[in-house]
Amino acid sequence: MSTELPEPPSKIELKAGVGGGGEIPTFNITLRVRRYLPETTAEAYWEDFKLTMYGTDRVLDALHKVKWDHDGSLSFRRSCAHGICGSDAMRINGRNRLACKTLLKDLDTSKPITVEAIKGLPLEKDLIVDMEPFFQSYREIMPFLISKGHEPTKERYQSVEDRERFDDTTKCILCAACTSSCPVFWTDGQYFGPAAIVNAHRFIFDSRDDAGDMRLEILNDKEGVWRCRTTFNCTEACPRGIQVTKAIAEVKQAILSRTV
Amino acid sequence: MQVHQYDVVIVGAGGAGMRAAIESGQRARTAVLTKLYPTRSHTGAAQGGMCAALANVEEDNWEWHTFDTIKGGDYIVDQDAAEVMAKEAINAVLDLEKMGLPFNRTPEGKIDQRRFGGHTRDHGKAAVRRACYAADRTGHMILQTLYQNCVKHNVEFYNEYYVLDLLMVEEEAFREDGTAYMQKRVAGVVSYDLATGELHVFQAKSVIFASGGAGKVFKTTSNAHTLTGDGMGIAFRSGLPLEDMEFFQFHPTGLAGLGILLTEGARGEGAILRNSDGERFMERYAPTIKDLAPRDIVARAMANEVREGRGCGPNKDYVLLDLTHLEPEHIESKLPDITEFARTYLGVEPFTDPVPVYPTAHYAMGGVPTNIETEVLQDNNTTIPGLFAAGEVACVSVHGANRLGTNSLLDINVFGRRAGIAAAEYAKTADFVELPENPEALVTAQLDGLLNSTGTENVAELRKALQEIMDANVQVFRDETSLKGALEVIESLRERYKNVSIQDKGKRFNLDLLEAVELGFLLDLAEVMTTAALHRKESRGGHYREDFPNRDDENFMVHSMSYRDHNATTEGIAGIRMETKPVVFTRYQPMERKY
Amino acid sequence: MSVTIPAPRSQRIDPKYKRGPKSRGSFEMLAWLFMRLSGVALIVLIFGHLISNLIVGDGINAISFGFVAGKWADPIWQFWDLAMLWLAMLHGTNGVRTIINDYAEKHSTRAWLKGILYVATIFIVVLGTLVIFTFDPCVAGSTLPQC
Amino acid sequence: MSKTSSGTLYRGHEGMWSWVGHRVTGVVIFLYLLVHVLDTALVRVDANAYNAVISTYQTPWMALGETGLVAAILFHAFNGLRLILVDFWKQGTKYQRQMLWGVMILWVVVFAGFAIRHLSLAFGGH
Ligand SMILES: Cc1cc2nc3c(=O)[nH]c(=O)nc-3n(C[C@H](O)[C@H](O)[C@H](O)COP(=O)(O)OP(=O)(O)OC[C@H]3O[C@@H](n4cnc5c(N)ncnc54)[C@H](O)[C@@H]3O)c2cc1C
Ligand code: HEM
Ligand code: SF4
Ligand code: F3S
Ligand code: FES
């Protein structure tokens with residue numbers, strides 16, 4: 001396809017241990033889960049599970065092990081199991097992560113691994129929160145392309161640079177790890193939150209879009225970008241590596257240069 | 001129980017479901033029922049691209065695309081459907097662009113295109129750049145763009161509503177030749193609200209099934225945990241046929257043990273496969289194109305290496321994808337996802353160490369049979385008024401025995417759109433079909449049975465046993481013994497399933513209960529897949545029988561149609577009736593599939 | 001089961017998350033901008049203040065009525081302290097206002113706290129301004145030579 | 001009303017803790033400022049009274065308090081500059097962490113200088 005490469009050797013020496021045989025390393029962990037079963041107990045509580053896990057197991061595998069082998073009532077959302085659907089954002093050892101992207105061996109397995117629901121959204125059961133307020137904020141920033149004038153018959157043109165301008169914020173999977181890590185969002189839940197701003201950014205800086213002004217107006221609200229106190233929790237939490245705080249800063253600048 | 005009334009109800013909010021919703025939502029009162037939040041659907045996992053003969057970067061036309069699709073599907077593709085898809089592909093891509101999808105661009109600012117396996121210029125002369133893409137996140141962008149447009153058009157979503165039953169009535173009707181038959185008509189669906197545990201019946205003039213695939217029948221799969229073939233299972237239980245269920249695509253390079261997909265692009269960029277001796281074994285299986293042979297051939301070669309004891313790792317159950325001879329910057333720029341997956345999930349640094357890979361169950365070519373208007377068939381020629389299907393759950397059939405890369409994202413857009421329009425148009429003229437009495441009775445009985453069961457069997461255990469036997473016996477190599485062995489296990493699991501119990505007895509977010517329900521669908525589908533595979537005594541595309549290694553056009557150039565029928569027995573399995581459906585030919589005659 | 005729990009989700013959004021009416025104008029933006037501009041100015045003002053009062057000469061020990069009187073004899077220092085007073089108070093008040101907005105969830109609590117804050121601020125700013133402008137070195141108890 | 005998750009304290013990174021620090025110091029300075037304006041206002045009332053109050057500032061305990069206050073002001077000021085850079089400098093968000101280390105270093109250096117001078121004055125007496 002692209003570069004011509006020298007033909008690789010048909011046979012190579014493999015490093016020891018790669019070729020075959022050997023054991024899969026196992027290790028023991030304690031998974032400390034914040035349980036909340038509103039139908040049986042009014043209060044949330046911690047429950048420990050002692051598990052034997054293998055090589056490259058992730059926190060999601062540990063949760064599955066509990067659900068499938070120990071306690072079927074443990075509830076959590078998950079789907080893709082490789083970090084692209086955004087179902088399983090949760091607080092692991094105190095920080096927001098995706099359970100399916102967090103390898104157990106990267107955590108300190110000598111201490112219990114704590115797992116709890118993300119903060120700031122209504123808790124429904126165990127690790128499940130009500131996502132509706134989160135999506136409501138997302139919908140409010142008009143997350144869709146709006147263009148004036150005639151529909152082109154073929155595609156709209158866009159230069160490679162213009163496309164690159166908003167690439168980072170197109171990666172968002174709406175997992176809410178950012179918004180639910182934001183200390184401002186925890187306070188009263190009114191703040192639009194980083195995820196909504198990220199998705200507004202994706203359109204504000206898309207050269208094909210004509211409604212940037214409207215979105216800037218929406219985010220110029222008292223619950224908009226100005227509530228961000230640049231604590232960077234969102235950027236650190238984002239499993240897609242989006243530079244969330246940077247995107248927020250860019251939206252702030254855009255509002256400033258529009259009004260001033 | 002609550003009853004709702006809509007003109008159109010769409011089951012599933014993946015690419016196909018939301019593409020349909022955008023059309024139907026603007027024409028009729030539409031509700032979308034989905035067991036996942038729309039943006040969690042597995043369409044978001046697709047990486048490579050979506051092809052259309054835009055000819056933005058080099059000469060191309062839809063007719064060549066049609067040919068590639070038919071040949072790729074080993075000629076068991078319905079050619080009228082393939083033509084429709086290739087022709088409408090161009091507008092499908094342009095529509096997405098107009099909706100805002102951020103495609104990668106050429107230096108002139110047009111949608112960029114790249115090569116993909118099996119897509120060729122002028123009937124196989126050379127590879128052609130046909131796949132439109134957005135980095136290695138094409139599926140993600142499609143899913144997001146479609147959801148965004150659903151928000152724009154105020155589509156009504158019922159999130160985390162599991163559809164568990166399809167409501168149909170039967171009435172006597174007469175064919176043109178005067179013979180009587182039972183015509184099915186759709187009345188609505190029954191769904192379970194995960195948050196409250198309540199049943200909601202949706203009465204609808206039109207119902208579109210867009211509930212995606214069934215990869216979880218297998219252990220190693222690139223599919224999500226939630227892809228349990230519910231739509232196919234519901235259709236089958238309601239007496240509808242399933243078409244071509246023996247054809248399942250196994251993608252060669254899934255991360256070993258996990259199944260997470262590493263795109264074909266890796267080998268395109270020069271990565272090669274090695275066994276435990278460090279040998280580049282594809283030199284033996286496909287001496288000319290080696291590692292770039294078609295998916296099914298590579299997958300079989302890999303499985304064979306492992307079978308013959310040259311697998312790697314503690315259990316000698318995978319081979320290695322070697323990128324170490326490539327320039328790190330090159331890998332990083334072209335294959336960022338691969339390197340990240342390998343690092344995150346296996347802790348392997350692909351620059352210095354080879355990555356463990358094994359074929360992974362990827363795509364169900366078969367499904368609920370439809371015609372090119374996406375109307376569901378109740379038998380070879382009778383459509384069901386008001387019932388539509390699109391996406392991976394359906395079988396139009398454009399993928400035949402083997403789907404070409406990038407044709408599925410296309411499928412969901414082209415046929416999703418068609419389904420949305422057709423369903424809304426139908427709803428404009430049709431009346432509601434009266435709901436049967438106690439429409440929820442079947443589901444209530446099923447759920448109560450599980451909730452009150454005092455059985456001793458465990459859902460996870462049964463599912464594991466099923467997935468393991470499917471991986472072992474119904475994967476890339478099949479023969480009579482392996483398939484019969486699998487069926488035996490499946491039958492015993494079905495027996496044990498009657499005795500499962502669950503631990504969570506609550507009403508809120510009872511995923512324990514739903515996993516049990518999903519297992520029921522998986523068992524049904526595994527049985528159908530295996531029986532159909534046993535029935536097809538030839539090798540074609542993704543279906544490879546070691547006891548019948550050749551394609552047999554004389555006897556098997558037909559689609560298979562599996563029905564649930566309590567009076568029938570197929571291959572020793574009671575309750576399944578196997579029929580055939582002719583393949584539609586327009587202008588391409590079967591040839592040997594050679595690359 | 002004794003606990004009654006509200007039905008979750010299903011279009012029903014907890015009032016806590018319902019955003020109030022859109023705010024008009026760009027007050028929050030101006031406040032944000034003011035925090036930054038006043039911050040920069042305050043660095044100069046406060047550092048100057050600290051250096052002249054606590055570092056040079058005898059530092060804290062030199063401070064007395066006479067010291068203040070000496071400083072305010074110079075209009076530059078008068079202006080300096082006035083600017084510092086106003087900027088610091090507005091900066092601080094706006095800062096505390098955001099903090100109240102963050103943590104006081106009930107509308108009435110918010111209103112009360114902010115009311116107290118604003119009254120205090122106005123009082124302090126008016127008081128401080130009057131003191132600087134009407135400063136009289138010969139107030140009661142003054143031992144300064146000029147009196 | 002449904003509840004949100006309680007449980008452990010969120011273990012943020014540098015950005016979060018520096019914000020906590022900024023907020024706490026901001027409030028502390030503000031409260032001090034209120035008092036400080038009041039006591040300074042005494043110059044308008046009675047010179048002796050002012051001197052009496054100021055002399056309490058010159059006791060060792062108050063000197064320690066003053067030192068703490070200056071520590072707070074210095075941190076708030078330097079971190080405030082960092083925040084301004086985060087907002088207005090293009091590379092600000094990228095280097096926020098490094099800038100925080102810069103703030104801490106600057107803070108330690110300036111504060112040490114101040115503390116030595118101030119405390120030796122306050123404790124050294126006349
Ligand atoms: C890893 C991976 C990579 C791929 N890469 C490519 C590629 O590069 N190019 C390409 O063309 N194709 C690719 N494919 C294939 C393609 O992505 C899928 O076939 C396609 O996205 C399926 O879309 P869908 O809309 O039919 O289903 P999905 O996107 O799977 O959506 C199914 C929907 O149905 C809902 N649902 C399911 N069951 C129920 C129920 N019982 N009740 C209510 N709702 C239900 C779900 O909630 C979901 O919303 C890839 C597939 C995988 C797994
Ligand atoms: C010395 C120079 C100062 C600088 C550079 C400075 C800078 C800043 C900045 C930039 C902010 C905004 C933070 C944000 O929006 O996230 C801020 C907030 C604040 N400042 Fe200052 N400030 C200074 C002095 C003061 C003084 C003297 C006071 C007290 C009167 C004060 C009290 C506050 C308060 C209470 C906040 C709000 C904190 C928050 O919302 O978390 N600051 N400061
Ligand atoms: S910005 Fe990142 S953390 Fe936030 S929702 Fe999107 S992907 Fe998740
Ligand atoms: S965590 Fe919150 S405060 Fe701003 S930088 Fe991120 S939105
Ligand atoms: S399960 Fe999909 S992101 Fe983790």
Side-chain angles (χ1 to χ4, degrees), chain A residues 36-43 120-125 128-137 139-141 179 182-193 196 214 216-231 248-249 251-260, chain C residues 1-42 90-115 117-118:
Chain A
Y36 174 57
L37 298 167
E39 290 168 289
T40 47
T41 46
E43 285 307 316
L121 289 161
L123 184 62
E124 299 292 0
K125 181 180 179 184
I128 297 180
V129 298
D130 183 352
M131 297 291 287
E132 213 49 54
F134 172 80
F135 279 101
Q136 181 59 34
S137 295
R139 287 192 289 263
E140 274 175 55
I141 53 95
T179 295
C182 176
V184 179
F185 182 75
W186 299 332
T187 59
D188 60 359
Q190 298 263 323
Y191 174 37
F192 272 86
M214 278 155 86
L216 293 177
E217 186 56 44
I218 293 171
L219 289 175
N220 194 15
D221 188 73
K222 63 181 190 303
E223 310 298 349
V225 283
W226 310 116
R227 278 198 81 177
C228 166
R229 310 242 77 83
T230 54
T231 66
I248 298 174
V251 173
K252 286 175 183 165
Q253 309 265 308
I255 299 182
L256 272 177
S257 54
R258 164 177 169 270
T259 15
V260 181
Chain C
M1 269 164 230
S2 54
V3 224
T4 49
I5 28 181
R9 182 171 42 62
S10 12
Q11 266 71 57
R12 180 206 55 95
I13 294 182
D14 196 298
K16 179 177 161 189
Y17 296 91
K18 281 242 173 71
R19 239 180 294 290
K22 238 198 95 52
S23 56
R24 277 168 295 113
S26 294
F27 178 72
E28 291 298 334
M29 181 191 85
L30 294 172
W32 181 89
L33 199 57
F34 171 75
M35 288 306 269
R36 269 107 198 120
L37 296 178
S38 60
V40 175
L42 279 169
L90 290 181
H91 178 103
T93 304
N94 187 51
V96 174
R97 179 186 69 92
T98 38
I99 296 178
I100 294 173
N101 279 343
D102 277 357
Y103 297 118
E105 289 194 11
K106 276 215 337 244
H107 187 73
S108 57
T109 336
R110 248 185 213 187
W112 270 107
L113 287 174
K114 282 199 259 183
L117 175 70
Y118 297 152

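The structure presented is a predicted model; accordingly, all values stated were derived computationally and were not measured. In what follows, chains carry the letters A, B, and so on, assigned in the order in which the sequence lines appear, proteins first and then strands, with residues in each chain numbered from 1.
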Under 4.5 Å from any heavy atom of chain C, what part of [X] do you find: side chain, backbone, both or neither?
X: A/F185; answer: side chain
X: A/E140; answer: side chain
X: A/F192; answer: both

Do the side chains of A/D188 and C/R110 get nearer than 4.5 Å, heavy atoms only?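 When only atoms from C-beta onward are counted, A/D188 and C/R110 do touch, with a gap below 4.5 Å.
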Could you have a look at A/R229, A/K125, A/K252 and say which one has the most heavy-atom pairs with chain C under 4.5 angstrom?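 So the answer, after comparing A/R229, A/K125, A/K252, is A/K252.
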Verdict with supporting geometry, C/N101 and A/K222, side-chain contact (heavy atoms from CB on, under 4.5 Å): CA-CA 10 Å; C/N101 279 343; A/K222 63 181 190 303; over 6 Å; no
Between C/M29 and A/N220, which heavy-atom pair has the shortest distance, and what is it?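 Here C/M29 and A/N220 meet closest at CB-OD1, 3.7 Å.
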Smallest separation among heavy atoms of C/D102 and A/T187, with atom names: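 Taking every non-hydrogen atom into account, O-CB, 2.8 Å.
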Can you tell which part of C/T98 gets under 4.5 Å to a heavy atom of chain A, answering side chain, backbone, both or neither?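 Contact with chain A involves the side chain of C/T98 alone.
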